There are 2 protein chains.
Amino acid sequence: MVGIKDVARRAGVSVGTVSNVVNRPHLVSATTRSRVLTAIQELGYVRDESARQLRAGRSRILALVVLDLGNPFFVDIARGAEQAAHDEGLHVITCDSGQQADREQSYLSMLAEQRVRGVLLSPVDTSGVALETFRRNEIPYVFVDRRVPADEASSVSVDDVAGGALAARHLVERGHREIALVNGPQILAQCRDREAGVRSVLADSAARLSVLETNDLDVASGRDAGARLLGMSPRPTAVFCANDLLALGVLQAMVSSGVRVPEELAIVGYDDIEFAGAAAVPLTSVRQPARRLGHRAATLLIAETTEDTAPPARQTVVFEPELVVRESTKTVVR
Amino acid sequence: MVGIKDVARRAGVSVGTVSNVVNRPHLVSATTRSRVLTAIQELGYVRDESARQLRAGRSRILALVVLDLGNPFFVDIARGAEQAAHDEGLHVITCDSGQQADREQSYLSMLAEQRVRGVLLSPVDTSGVALETFRRNEIPYVFVDRRVPADEASSVSVDDVAGGALAARHLVERGHREIALVNGPQILAQCRDREAGVRSVLADSAARLSVLETNDLDVASGRDAGARLLGMSPRPTAVFCANDLLALGVLQAMVSSGVRVPEELAIVGYDDIEFAGAAAVPLTSVRQPARRLGHRAATLLIAETTEDTAPPARQTVVFEPELVVRESTKTVVR
DNA sequence: ACGAGCGGGTGAATCGTTTCATACGGTGAT
DNA sequence: ATCACCGTATGAAACGATTCACCCGCTCGT
């Protein structure tokens with residue numbers, strides 16, 4: 001494998017000069033520079049980032065660890081983050097923890113060993129012990145889609161309590177009195193918060209809430225929940241699902257067993273992924289600004305890594321969710 | 001930042017011994033080992049992969065470059081690849097080229113600089129010049145979802161010609177005579193092949209084909225194509241879309257302008273992503289074994305990187321697609 | 001005429017790890 | 001008594017790039 005020494009020999013200069021040509025071309029005379037550049041061309045020299053990084057002590061890579069890449073919501077976050085990173089000449093690598101604490105931990109260890117420049121994290125493990133390593137080694141991290149106290153770290157999130165409330169209020173206003181919540185696992189703060197939002201609204205209403213908890217936040221779990229929903233009595237007239245994948249699963253279960261949506265069951269989802277509007281019955285959903293979330297989080301993280309002077313103050317950014325009403329809740333009860 | 005030297009000092013041993021504790025524990029006596037391990041614990045030592053890699057000459061990372069992470073098909077490929085890599089103690093980083101040759105090139109350069117162990121590539125750029133670097137530096141690569149001659153590289157793909165034919169035959173058998181193909185850009189081999197499959201079937205039939213080409217393979221492009229479709233006369237009675245995202249877009253356009261599916265327009269998609277079955281009208285689609293694709297490709301790649309003896313023979317794996325019939329083509333014409 | 005300053009270039013030290021030749025005390029065979 | 005060997009531990013060389021102190025040959029100001 002060709003290294004900087006080979007280039008230097010070929011061009012008849014020292015390795016220092018080659019390095020300068022690559023990194024600070026203005027320090028090198030035009031003639032030498034072109035001689036070096038042709039040598040690089042001819043040999044097909046590609047610089048070795050690991051050596052570069054060893055010397056520099058840190059890499060040019062940001063990491064993003066998400067809960068589920070199968071959820072387009074997180075893909076959008078990734079896109080926002082990548083865009084912000086790209087503008088700074090950094091790269092983002094995205095890791096899918098699949099909502100499993102051990103996989104998350106495995107990725108985090110890997111990232112620490114890689115000495116990534118910083119980490120964007122949408123955590124499973126709420127305890128934060130996994131981050132001890134980063135703290136010790138001064139690798140900055142920013143939480144995405146999860147609010148944390150500002151003294152702990154910066155975070156960029158969407159107000160999930162408000163989002164849950166938005167959905168619940170909508171259903172109550174439509175006249176529903178038997179409402180179900182199909183929620184993901186309680187370890188996820190998003191799920192806890194959305195439920196809290198729902199409860200805060202329903203407490204002041206005449207509506208009754210039943211909660212079905214699923215293991216995963218995916219379509220298959222939604223189908224299961226849908227099946228369970230069908231067996232309930234009294235059967236709810238409306239269901240709020242903790243995300244759109246669940247909602248699509250529930251909807252599939254209804255369609256396949258001939259239950260009409262929204263006449264017999266109204267459905268509200270969460271995230272407003274692109275597929276929500278294309279569903280069997282277009283889904284009412286709580287929209288989150290995913291791309292902006294990712295972009296903003298990456299921007300914050302980058303600011304923390306470029307510590308010209310003092311480390312910048314931690315920030316807690318909270319976006320507001322927005323209700324998008326579609327067919328799946330078009331009916332009014334009573 | 002704490003390094004191996006700090007650990008060595010703390011434990012009162014040499015750096016070589018610390019390295020042995022971490023990498024070949026059996027070479028170290030139990031007492032020394034535990035002394036070193038506690039030192040590691042106390043100091044919170046995390047080994048530096050870049051140094052490790054510099055010495056080793058290559059990393060423990062595989063890369064996967066896909067056309068569009070917004071397409072669940074590629075997410076499934078990624079999952080399959082990750083699983084295969086994980087079993088070998090390797091990690092996969094996934095890059096989204098967004099079907100743009102320049103972004104693809106940018107990622108490939110980055111990966112070469114990182115000296116990744118190998119690359120799984122679903123290429124935009126058909127020319128393959130981008131791979132010159134990998135060839136020179138002996139970084140193995142395997143094509144995913146794209147067949148190439150075996151003397152060039154291994155590849156794992158699905159027979160797109162057969163897939164296109166499958167869809168077309170299905171529509172012809174249903175009695176359709178005016179068929180439209182909503183296809184993605186011709187630079188993508190997948191699109192060319194699927195079209196070829198369609199044409200091979202329609203040539204022997206009484207059906208007429210009109211082709212609408214889109215710039216991207218996403219839902220928005222599908223909506224546009226749907227709108228164009230509505231303006232055609234005679235209007236096709238069936239449409240085959242080069243992937244499910246396009247199909248969902250077309251379907252949305254039909255629903256929002258009151259055209260009944262499948263009565264007025266039958267739709268066939270491609271990939272059979274999870275959302276296809278949950279669509280407004282569940283989509284007939286050509287299923288591809290995405291996970292197996294990724295898993296097999298990674299397995300092949302790994303085999304190429306562990307060159308015990310001679311480099312293994314290049315392989316060309318081609319899976320067969322499968323038609324999944326749903327509501328969107330349930331009608332019979334005439 | 002002499003030193004300061006400058007553009008352009010050099011080469012060695014450095015980053016943190018792995019690995020390999022070497023050392024050393026002890027044991028068993030000859 | 002000598003030697004070979006074993007288990008264990010050591011320390012230095014290597015990996016490839018960056019960086020920094022230094023050097024050389026010029027020009028310019030005084």
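Computed from a prediction, not measured in an experiment: that's the story for all the values here. Per chain, numbering begins at 1; letters A, B, ... match sequence-line order.
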A.B. asks: For residues A:Leu67 and A:Val124, report the shortest heavy-atom separation together with the two atoms involved.
C.D. replies: CD2-CG2, 3.6 Å
A.B. asks: Whole angstrom is fine here: how far is it from CD1 in B:Ile4 over to P in C:dC15?
C.D. replies: 15 Å
A.B. asks: Could you check how far CZ of A:Arg9 sits from C1' of C:dG11, rounded to whole Å?
C.D. replies: 15 Å
A.B. asks: Please state how far atom NZ in A:Lys5 lies from atom P in D:dC15, giving the value in whole angstrom units.
C.D. replies: 6 Å
A.B. asks: Which letter, B, S or -, goes with each nucleotide of nucleotides 7-14 of chain D from 5' to 3', with contact meaning a protein heavy atom under 4.0 Å?
C.D. replies: -SSB---B
A.B. asks: To the nearest angstrom, how far is B:Arg60 atom CZ from C:dT18 atom C1'?
C.D. replies: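 Taking atom C1' of C:dT18 as the reference, CZ of B:Arg60 is at 13 Å.
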A.B. asks: Whole-Å distance between C:dA13 C1' and A:Leu54 CG?
C.D. replies: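 It is 13 Å, rounded to the nearest whole Å.
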A.B. asks: Is a side-chain N or O of A:Arg60 found less than 3.5 angstrom from the main chain of A:Leu90, in a donor-acceptor match?
C.D. replies: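 No, A:Arg60 side chain to A:Leu90 backbone: no donor-acceptor pair under 3.5 Å.
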A.B. asks: Examine the side chains of B:Ser109 and B:Ser106 and answer whether a donor and an acceptor come within less than 3.5 Å of each other.
C.D. replies: no
A.B. asks: Take the protein atom CZ of B:Arg58 and the nucleotide atom P of D:dG16, then report the distance between them rounded to whole Å.
C.D. replies: 15 Å
A.B. asks: Please determine whether a side-chain nitrogen of the Lys or Arg among B:Glu82 and B:Arg79 lies less than 4.0 Å from a carboxylate oxygen of the Asp or Glu.
C.D. replies: no
A.B. asks: Can you check the B:Tyr45 OH to C:dG16 P distance for me, whole Å?
C.D. replies: 10 Å
A.B. asks: When you check the phosphate oxygens OP1 and OP2 of C:dT17, does a side-chain N or O of B:Arg47 lie under 4.0 Å from one of them?
C.D. replies: no
A.B. asks: Can you measure B:Asp48 atom CG to D:dG16 atom C1' for me and round it to whole angstrom units?
C.D. replies: 14 Å
A.B. asks: Measuring only between side-chain heavy atoms, which start at C-beta, is A:Leu301 closer than 4.5 Å to A:Leu62?
C.D. replies: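 Yes - at least one pair of side-chain heavy atoms lies under 4.5 Å apart.
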A.B. asks: Find the distance between CD1 (B:Ile93) and CE (B:Met110) and round it off to the nearest 0.5 Å.
C.D. replies: 5.0 Å
A.B. asks: So, OP1 or OP2 of C:dT19: does either fall under 4.0 Å of a side-chain N or O from B:Arg24?
C.D. replies: yes
